[in-house]
Amino acid sequence: MEYDFRKIEQDWQKKWKESKVYAVSNESAKPKYYVLDMFPYPSGAGLHVGHPLGYIASDIFSRYKRLKGFNVLHPMGFDSFGLPAEQYALETGQHPATTTEKNIATFKAQLDKIGFCYDWEREVRTSDPQYYKWTQWIFLQLFNSYFCNTQKKAMPIADLVEKYETKGNKNFTAEQWNAFTKKEQEDILMSRRLAFSKYGEVNWCEALGTVLANDEVVNGVSERGGHPVVKKKMRQWYLRITAYADRLLAGLETVDFSDSMKEMQRNWIGKSEGAEITFEVMNRESPVVNTDATESASLTTHNSRLTVYTTRPDTIFGVDFIVVAPEHDLVNEIKSTEQAVAVNEYVAYVKSRSDVDRMAEKKITGCFTGAYAINPFDGKEIPVWISEYVLAGYGTGAIMAVPCGDERDFKFAQHFNIPITNIIGSHFNGEEANPTKEAILENSGFLNGLLMKDAIGIAVNKMEELGIGKRKVNYRMRDAGFSRQRYWGEPFPIIWSDGIAIPLDAEELPLELPHVDTYGPGPEGEGPLANIKEWVDLTPGPSPKERGEQPQDSAENKTPGYINSSVEEWRKTIAFAKQNRKDATVEEDIIWQELRNRKIGDFKFRRQHPVAGYIPDFVCLEKKLIIEIDGGYHNDKEQIVFDKAREKWLKEEGFTMIRFTNSEVNNSLSLVLKDIEQALQNKETVAENAGSGSPLPWRGAGGEVKRETSTMPGYAGSSWYFLRYMDPNNTNEFCDRKASDYWNQVDLYIGGTEHAVGHLLYSRMWTKVLFDLGLVGFDEPFKRLLNQGMIQGSSRFVYRLRGTNVFVSPNRIKGPRTEEEMIETGIRGHEPDVDALHVNVNIVNGVELDIEAFKKWKPEFENAIFIKEENGKYICGVETEKMSKRYFNTVDPVDLCNDYGADTFRMYEMFLGPVEASKPWDTKGIEGVHRFLRKLWRLFNDDIKGPIWTSSAPSPLERAGGEVTDAELKVLHRAIKKIEEDTERFSFNTAVSTFMICVNELADMKCYKKEVLEKLLILLTPYAPHIAEELWSQLGNEGSVLDAAFPTFNAALLVESTKDYPVSINGKLRTNMELALDLDQKQVEELVLQNDIVQKWLEGKAPKKIIFVKNKMINVVI
RNA sequence: GCCCAUGUGGCGGAAUUGGUAGACGCAGCAGACUCAAAAUCUGCCAUUCGCAAGGGUGUGAAGGUUCGAUUCCUUUCGUGGGCACCA
């Protein structure tokens, strides 16, 4: 029987799906283990062979842990918000939700083909409202929390408010606080919230009317269209990640990440200890204005103060100039009239420079401001410059430059001919700066004679004493920008009312993305959402009450839904709606059971949801249909007047109301439901949040009321998705505390280094906040991190003689041509240049082009002529590039699974090299792994046509009999040991080679014994589950191999008594000697000296030394 | 410019703690089986000198530490990834 991998894999995947083998329970007596992949962004290109590398590794490890007796959580989902879908929508008009849905379907089909053990019941998608509802909810937790600097943790902002109201703080008393306007109070609170809003700089492209990411800006112009880009201040949201800087640093000690990964995060956080020093700044004006002859020629006016940050206060006497960021607020104040023009020009120049340019450029630029700072210790006048190498966002945005000790300062001084003061004597050679801390200070006033590193503390102490400086810890990390002027992301659950950010009530979540007609930017560079006026603008018209339509004597508590246009009143409304939900009548509950489960036409209803200034019992926003279940009081005179006013108001807003009495619900429910169904059918569907009849309570709120129109960035959803997998279908909470307590931290997290700082830091921060608020029980999300390398594409090229239809194989580009070729091509003598063209790697066999396939692929070259190598082949050029569709170097895993099987594909990806390493893809080698699996198959099955197997060979069961020999056991147990060790240390490539060695040895020994082979199958299960399961069942086992027990290694079987020692002379290997393992140094020396080859090299002399390392080697030193 | 990683045969890679460099596989070469092909099996396969025995060289380059270095240190070059010029 042949190895029919297609049938085997298909059958078992089907069986596994039917029997739900991958379903994971949150309750188990087994120990838990959580293996997580960084979930993919579902791009339109589908998976290529680079994606599954990490997934296969995690799948192997999950299956391995399962065999080891763990309850393993190994989920998968999709990071489905993001720019590419939006760009695509902009180009094609297709809604991102549609394309995303389609892409996910493709991804899932591809993933399933590879045979991963995901529990798809736990799938999450960040763009699913049921998911981002909780992203928005967590954002609200961040918004409603502040970082307490004494307890070093997040606390509810309400605590802070209470403190202010009762005790005030160091800036204001409780009385003052209470006297502040609402806006003043909110501004103060905003400066403490963990999610907060402030003005920040963005890359603004006037021509495109949009904000651009750094990588969309090239050489100061937009990548698309080449329009100029400048910095512009816009209101943005931020996460106060800087508050967590110290805890993020400390947390690194408790997790198992690679040292380089920790190093990258530490560098990103960039904690430094130094001092802030304040300089007086003088400005020397020319005495042109003042004609008074008594004025001196250089009038010096006292201007302002400038604070710099430095990590080297010990070098204060070596300061030769000061550099201020061009964006610094003080620049305008301190620049002299003479320098004003130059300064303005320079500032304008910097404004046009992209961050990327400022980073990559080696050019030294700057401009003198005309101002001088005074060294507080020796009174020296120090020129103040501005330069783009000083960043406004770091430290104080100003530095004191010490050219003898800092490379950049030195180059700057050289470039602008600024004299350099040497404070480190012979340590400075005038050629280059020396950043040492070990020199003895000179020319340094009271610091003279001190070692620099000792002087740091002394200098700061003196500064603090004199009040000119203070100790300061600085972080290079900045608060994380959290808003994007885009469409395809989570909308902020925030309403702006008179400049105050008002969070939505949790009941209002999810705030779903409204439909838009265009995905282009909104006015003033706002996001596309700003284009939907009716969605954004919630500024109310007058309420019925204000229009005098509500009966004047109506008791407020009877109809509190009718409100005035004020924030306070709609807050009351929300509270009232909440209470209504709790106080629901029996009849309302009956209807709600029908409506909430979408039994009627699959429309979403909300209960006690404020609409247009009052609170209906039920509302379907898509249909603008309101259902009221009325009690007896509607017969009251007052109520009749009220109901009339209400109906009129709702009609203006486009709502229809149908009313039922309690007795109708109780006695003829089916008729009631029918009426509702009828009403739904009779009305047109409208976008849920569109239209003037806004569903929201602040329809009645006062002043200008607008929605936040930016959306959250890509990392919002991915900052907490690992928690949602634990409890993915919970509609009441983001994750049940019981579930997160059980699954706890992710035990193994696998993903690329490209997320080293971004995603990993953000999710670490979110986890810490959730921990502080008591919502989860751990404050580091990932216990262990494994970084998979990137698989690069291996591109293939053909070379075309420019302007001709002739392709030349690389070695034939430089002639000579045969007569035939010259006739065929019609080209003689001088030949034109060649152009290299990417060719689809899938039609190239190794490097040999399949010419027929090429012609089929590019029909325009159907009649092309190929000048081949001498062996008659057309050879392609090879280059390693990023794997990308446009280079035609992507390979679809599904194709490989079809050609070789998922098991082969999985093992081959692992066999390519260490998971952590980056390496180019080459399909060619997959044959070898496939051969291995066929060889394994033949240990169990006869191959009818093969020469060494005959049809009369014993059946698998018969072969499985017989005594197992020691040699066979040795082979097996060596494999058990090595596979276990290699899997534990993620050395999957060597594990695969161990399997190969083991199967080769068993085949050589003609070992067909069940006892040996079935253990081997268990070892193989994590790597090649389909073939393992098939052969396992062929051996007559009950149950699945997926749940077998990993075999135990028996060390006793591998004990050796001798060792074949390598014997070196002076470190060079000369011979080998088989020696007993229990010999001591003296015995070994004797035996070694008797050896012929050793004697030959000794040439009769005595050795200087003989080094003997037991069980390793022998080295004779002559 | 800065940070991190990385460099071993024609190719992917192995060498787990400083101890036999090149496991395993691909490609290639030679052979067996076959009418033939496929499949399978056997042998060779870093480089160089040599008929052989045996020797020289060799882990990007140059130094260093060591009895011994792919492994540790210094300098340097190339490649990949990241970035917010972080004083």
Side-chain angles (χ1 to χ4, degrees), chain A residues 2 214 258-261 263-264 266-268 270 272 274 308-312 323 355-363 387-391 393-395 398-402 405-409 435 474-478 752-758 787 789-790 792 794 846-847 878 880 882 908 911-914 916-922 924-929 931-932 934-935 938 943 945-949 981-982 985 987 989-990 992-997 1000 1003 1060-1072 1103-1107 1109 1111-1118:
Chain A
E2 277 184 66
N214 264 345
S258 70
D259 289 340
S260 62
M261 185 62 47
E263 193 61 22
M264 274 190 255
R266 281 193 202 104
N267 286 336
W268 185 263
S272 70
V308 303
Y309 173 73
T310 178
T311 53
R312 298 295 301 274
V323 189
D355 293 351
V356 178
D357 292 341
R358 282 176 75 166
M359 236 176 334
E361 195 76 60
K362 293 177 198 173
K363 206 165 64 182
S387 173
E388 58 179 337
Y389 84 92
V390 173
L391 299 182
Y394 183 75
I399 61 156
M400 54 181 228
V402 182
D406 182 281
E407 193 56 38
R408 254 180 328 199
D409 296 347
N474 223 332
Y475 300 95
R476 88 175 188 181
M477 179 170 66
R478 301 207 279 256
T753 40
E754 65 271 23
H755 301 294
V757 282
N787 291 115
M790 193 174 280
Q792 286 135 338
S794 185
V847 289
V878 177
T880 300
K882 207 171 166 167
Y908 181 55
F911 189 57
L912 274 180
E916 301 96 320
S918 291
K919 56 240 158 190
W921 177 263
D922 181 14
K924 195 87 205 202
I926 199 168
E927 297 275 358
V929 175
R931 264 173 226 155
F932 151 73
R934 280 213 301 258
K935 195 164 185 177
R938 286 197 307 274
D943 210 345
K945 293 175 193 162
I948 60 165
W949 308 104
E981 283 172 0
D982 285 356
R985 69 188 174 101
S987 180
N989 56 329
T990 53
V992 174
S993 99
T994 304
F995 280 121
M996 289 173 170
I997 293 167
N1000 285 345
D1060 190 23
Y1061 282 97
V1063 180
S1064 303
I1065 314 283
N1066 283 343
K1068 282 211 163 87
L1069 180 73
R1070 296 300 174 188
T1071 185
N1072 279 34
K1104 275 192 193 136
K1105 210 196 301 185
I1106 294 178
I1107 289 151
V1109 183
N1111 210 6
K1112 290 277 187 203
M1113 46 62 71
I1114 296 160
N1115 188 16
V1116 181
V1117 186
I1118 300 174

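Bear in mind the structure is a predicted one, so any value in this text is a computation, not a measurement. Here is how names work: the chains are called A, B, and so on, in the same order as the sequence lines, proteins then strands, and each is numbered from 1.
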- Of the nucleotides B/G82, B/G13, B/C86, which one has an atom closest to the side chain of A/N989? B/G13

- Message: With nearest nucleotide decided by heavy atoms, which residue, A/V1109 or A/S987, maps closer to the 5′ end of RNA chain B?
- Response: A/S987

- Hey, is the side chain of A/Y394 poking within less than 4.0 Å of OP1 or OP2 on B/C85, counting only N and O atoms? no

- Message: Please give me the minimum heavy-atom distance between A/V323 and A/V390, naming the atom from each residue.
- Response: CG1-CG2, 3.5 Å

- Item | Euclidean distance for P, B/C45 against B/A52 (whole angstrom) | 13 Å

- Item | B/U47 versus B/U40 - spacing of their P atoms, nearest Å | 27 Å

- Considering all heavy atoms of both residues, which atom of A/Y394 and which atom of A/S272 are nearest to each other, and what is their separation? OH-OG, 3.4 Å

- With RNA chain B as reference, determine whether A/A398 or A/E916 sits nearer its 5' end, using the nearest nucleotide of each. A/E916

- Given the P atoms of B/C44 and B/G78, what is the spacing between them in whole Å? 42 Å

- Message: Give me the distance, rounded to whole Å, that separates B/G60 from B/G56 when you measure between the C1' atoms they each carry.
- Response: 22 Å

- Message: Does either side chain, that of A/N787 or that of A/T753, offer a donor lying less than 3.5 Å from an acceptor on the other one?
- Response: no

- Pair assignment for B/C29, Watson-Crick or G-U wobble, requiring both distances under 3.5 Å: B/G43

- Note on the structure: Ranking B/C85, B/A23, B/U16 by distance to the side chain of A/I997, first place goes to B/A23

- Query: With respect to the side chain of A/R478, which nucleotide from B/C3, B/C86, B/A39 is positioned closest?
  - Reply: B/C86

- Between B/C26, B/G19, B/U16, spot the one nearest the side chain of A/K924, thanks. B/C26

- Item | Pairwise P distance for B/U17 and B/A27, with rounding to whole Å | 32 Å

- Message: Can you tell me the base-pairing partner of B/U66? Count Watson-Crick or G-U wobble geometry only, both distances below 3.5 Å, and say none if there is no partner.
- Response: none

- Item | Distance test, side-chain N/O of A/R934 to OP1/OP2 of B/U40, below 4.0 Å | yes

- Query: How is A/T310 classified with respect to the nucleic acid when contacts are heavy atoms under 4.0 Å: base, sugar-phosphate, or nothing?
  - Reply: nothing

- Query: Does B/A14 have a Watson-Crick or wobble partner in any strand here, with both distances under 3.5 angstrom, and which is it?
  - Reply: none

- Between B/A46 and B/U34, how far apart are the P atoms? Round to whole Å, please. 32 Å

- Task: Using a 4.0 Å cut-off on protein heavy atoms (strictly under), produce a 5'-to-3' string for nucleotides 63-79 of chain B with B for base contact, S for backbone-only sugar-phosphate contact, and - for none.
- Result: ----BS-----------

- Message: As an exercise, state the distance from CD of A/E981 to OG1 of A/T990, rounded to the nearest 0.5 Å.
- Response: 9.5 Å

- Item | Pairwise P distance for B/U48 and B/G58, with rounding to whole Å | 15 Å

- Query: Is the glycosidic torsion of B/G9 within 90° of 0, making it syn, or is it anti?
  - Reply: syn

- Checking all strands, does A/K1104 fall into the base, sugar-phosphate, or nothing category for heavy-atom contacts under 4.0 angstrom? nothing

- Query: With respect to the side chain of A/I399, which nucleotide from B/C86, B/A87, B/A14 is positioned closest?
  - Reply: B/A87

- Query: Across all strands shown, which nucleotide pairs with B/G58 by Watson-Crick or G-U wobble geometry, both distances under 3.5 Å?
  - Reply: none

- Message: If you only use heavy atoms from C-beta on, which nucleotide in B/G56, B/G82, B/C86 is closest to the side chain of A/R1070?
- Response: B/G56

- Whole Å only: how far is the NZ atom of A/K1068 from the C1' atom of B/G56? 9 Å

- Counting any heavy atom closer than 4.0 Å, what does A/L912 reach on the DNA or RNA strands: base, sugar-phosphate only, or nothing? sugar-phosphate

- Query: At under 4.0 Å between heavy atoms, what does A/R266 touch on the DNA or RNA strands: base, sugar-phosphate, or nothing?
  - Reply: nothing

- Grab the two heavy atoms, one from A/R312 and one from A/T310, that are nearest each other, plus how far apart they are. N-OG1, 2.9 Å

- Task: Look at all strands and tell whether A/P914 reaches a base, only sugar-phosphate, or nothing, counting heavy atoms closer than 4.0 Å.
- Result: sugar-phosphate

- Between CE on residue A/M261 and NE2 on residue A/H755, distance to nearest 0.5 Å: 10.5 Å

- Task: Kindly compute the distance separating OH (A/Y309) from CE (A/M400), expressed to the nearest 0.5 Å.
- Result: 11.5 Å

- Note on the structure: Between OH of A/Y908 and P of B/G13 the distance, given in whole Å, is 10 Å

- Message: Of the listed nucleotides (B/A87, B/C24, B/U40), which one gets closest to any side-chain atom of A/F911?
- Response: B/C24

- Query: A/N1000 has a side chain; which of B/G25, B/C4, B/G12 sits nearest to it?
  - Reply: B/G25

- Query: In whole angstroms, how far is the C1' atom of B/G82 from the CE atom of A/M477?
  - Reply: 17 Å

- Pick base, sugar-phosphate or nothing for A/D409, based on heavy-atom distances below 4.0 Å to the nucleic acid. nothing

- Query: Roughly how far apart, to the nearest Å, are B/A23 and B/A14 at atom C1'?
  - Reply: 5 Å

- Which of B/A21, B/A84, B/G25 is nearest the side chain of A/W268? It is B/A84

- Task: May I have the distance from A/K1112 (atom NZ) to B/A15 (atom P), rounded to whole angstrom?
- Result: 13 Å

- Note on the structure: Under a 3.5 Å limit on both distances, the Watson-Crick or wobble mate of B/A5 is B/U79

- Task: For the pair A/D406 and A/I399, evaluate side chain to side chain contact (heavy atoms under 4.5 Å, CB included) and give the outcome as yes or no after the intermediate values.
- Result: CA-CA 12 Å; A/D406 182 281; A/I399 61 156; over 6 Å; no

- Taking atom CD1 of A/I1106 and atom CG of A/N1115, what is their separation to the nearest 0.5 Å? 9.5 Å

- Task: Could you check how far CH2 of A/W921 sits from P of B/G12, rounded to whole Å?
- Result: 15 Å

- Task: Please report, rounded to the nearest Å, how far the C1' atom of B/C85 is from the CD atom of A/E388.
- Result: 9 Å

- Message: To the closest 0.5 Å, what do you measure between CG (A/N989) and OH (A/Y908)?
- Response: 12.5 Å

- Task: Determine the interplanar angle of the A/F932 and A/F995 rings, folded into 0 to 90°, and report it as parallel if under 30°, tilted if 30 to 60°, perpendicular if over 60°.
- Result: tilted

- For A/E263 and B/C83, give me the distance from atom CD to atom C1', rounded to whole Å. 15 Å

- Could you tell me whether A/R312 contacts a base, only the sugar-phosphate backbone, or nothing, with contacts defined as non-hydrogen atoms closer than 4.0 Å? nothing

- Query: Which nucleotide, B/U20, B/C4, B/U16, lies nearest any side-chain atom of A/N267?
  - Reply: B/C4

- When the distance from CG of A/L1069 to C1' of B/A21 is rounded to whole Å, what number comes out? 11 Å

